[in-house]
Each structure stands twice: as C-alpha cells, then as structure tokens.
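See structure below.
For clarity, every value in this text was computed on a predicted model and none was experimentally measured.
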Amino acid sequence: MIRAMENIRHNQEVFKKGSLIDGLSSDEAKRLVALKSAEYVISPEEELDIQTAKTEINIDPELFEELRAALDEEYNAEELSREAKAAGVDLTGTTTKKAVIEAIIRQGKADDLLEEASDE
C-alpha cells in the first residue's frame with residue numbers, strides 16, 4: 001500500500017495528498033514512489049505482525065498452560081491488563097483476558113507478573 005505525497009491522477013482516478021492507494025500493481029506503486037509522488041506504508045495489521053514477531057518467544061505448550069492457569073487465577077481481567085501495561089507488554093489488539101494472558105506469556109513477561117503478585 002502507498003500514500004499519496006501530493007495530488008495524483010492515475011488511471012483516470014484522482015488521489016488527494018495523504019490518501020492511501022491500494023490495489024495498484026507493484027510496478028505502478030514502484031513508479032509512483034520513484035517519482036516521489038507517493039510513499040510506501042504498511043497497514044496497522046502488518047505493523048502489529050511485525051511488532052509481535054519481534055517480541056514473541058517460543059514456549060513449551062505445557063509451560064504455557066501452567067503460566068496461563070497461574071495468571072488467570074492470580075489476576076482479574078482489569079488488574080491483569082493494568083499490570084501487563086506497567087510491565088511493558090504490548091496489548092495492541094487484545095480485548096479479552098485470554099488474549100492478554102497470551103500476550104504476556106508470548107512476550108516473556110509472565111514470570112515478572114507472577115513474582116510481583118507473590119510479593120504482595
């Protein structure tokens with residue numbers, strides 16, 4: 001996907017400066033970028049995938065289940081979200097307690113939250 005850096009007329013269609021342009025062939029997009037009429041951008045979903053890939057760790061399924069159960073028992077949904085954010089967990093796109101727990105574990109922060117809970 002590209003974003004118009006100026007008003008662009010392409011294939012009898014007008015794109016205003018700042019508008020996102022999708023559906024072009026890669027050659028058409030490359031041409032507009034080379035002309036400095038547009039720039040490449042990524043979608044929020046692609047950005048989330050990139051960020052998640054950078055921060056996720058692989059974990060044994062058995063350990064994952066143990067951590068999931070411990071976090072679920074220790075925190076209610078509101079507390080869990082608050083503590084996860086404080087620990088630096090990226091919760092972009094998470095809306096359920098289950099998703100928050102998964103993000104915490106995949107981003108390697110479960111031990112931090114469980115230690116903090118046991119200190120209280």
Closest non-hydrogen atoms of Tyr75 and Lys97, given as atom of the first, atom of the second and distance, are O-NZ, 2.6 Å

Rounded to the nearest 0.5 angstrom, the CD1-CG distance for Ile105 and Asp111 is 10.0 Å

inquiry  = Taking Glu78's backbone N and O only, do any of them form a donor-acceptor pair with Ser81's side chain (distance below 3.5 Å, no angle check)?
reply    = no

On a heavy-atom basis, the closest approach of Leu113 and Ala84 is CD2-N, 3.9 Å

For Asp90, is there any backbone N or O sitting under 3.5 Å from a side-chain donor or acceptor partner on Gln107? yes

- Task: Report yes if some heavy atom in the side chain of Glu28 is under 4.5 Å from a heavy atom in the side chain of His10; otherwise report no.
- Result: yes

Taken in chain and number order and not counting sequence neighbours, the residues that satisfy side-chain hydrogen bond (donor to acceptor under 3.5 Å, both in side chains) with Glu6 are Ser37

**Report entry** Pairwise side-chain contact, Phe64 with Arg106, heavy-atom cut-off 4.5 Å (strictly under)
**Finding:** yes

So CD1 of Ile101 and CG of Leu67: to nearest 0.5 Å the spacing works out to 10.5 Å

- Determine whether the side chains of Asp27 and Ser25 contain a donor N or O and an acceptor N or O closer than 3.5 Å. no

Interatomic distance, CZ@Arg3 vs NZ@Lys17, rounded to 0.5 Å, equals 11.5 Å

Check your understanding: Taking C-beta and beyond as the side chain, do Asp72 and Leu80 meet within less than 4.5 Å on heavy atoms?
Key -> no

Connected to Leu24, directly or through other members, by ILVMFWY side-chain contacts below 4.5 Å are Ile2, Ile8, Phe15, Ile21, Leu32, Val33, Tyr40

Output for pair (Met5 CE, Leu35 CG), nearest 0.5 Å, gives 13.0 Å

In this structure, CG of Asn11 is separated from CD of Glu13 (nearest 0.5 Å) by 8.0 Å

Interatomic distance, CD@Glu102 vs CD1@Ile59, rounded to 0.5 Å, equals 11.0 Å

### Message
Treating Asp60 as the side-chain partner and Glu62 as the backbone partner, does any N or O pair qualify as donor plus acceptor under 3.5 Å?
### Response
yes

By side chain to side chain contact (heavy atoms under 4.5 Å, CB included), Asp112 pairs with (sequence neighbours left out) Lys109

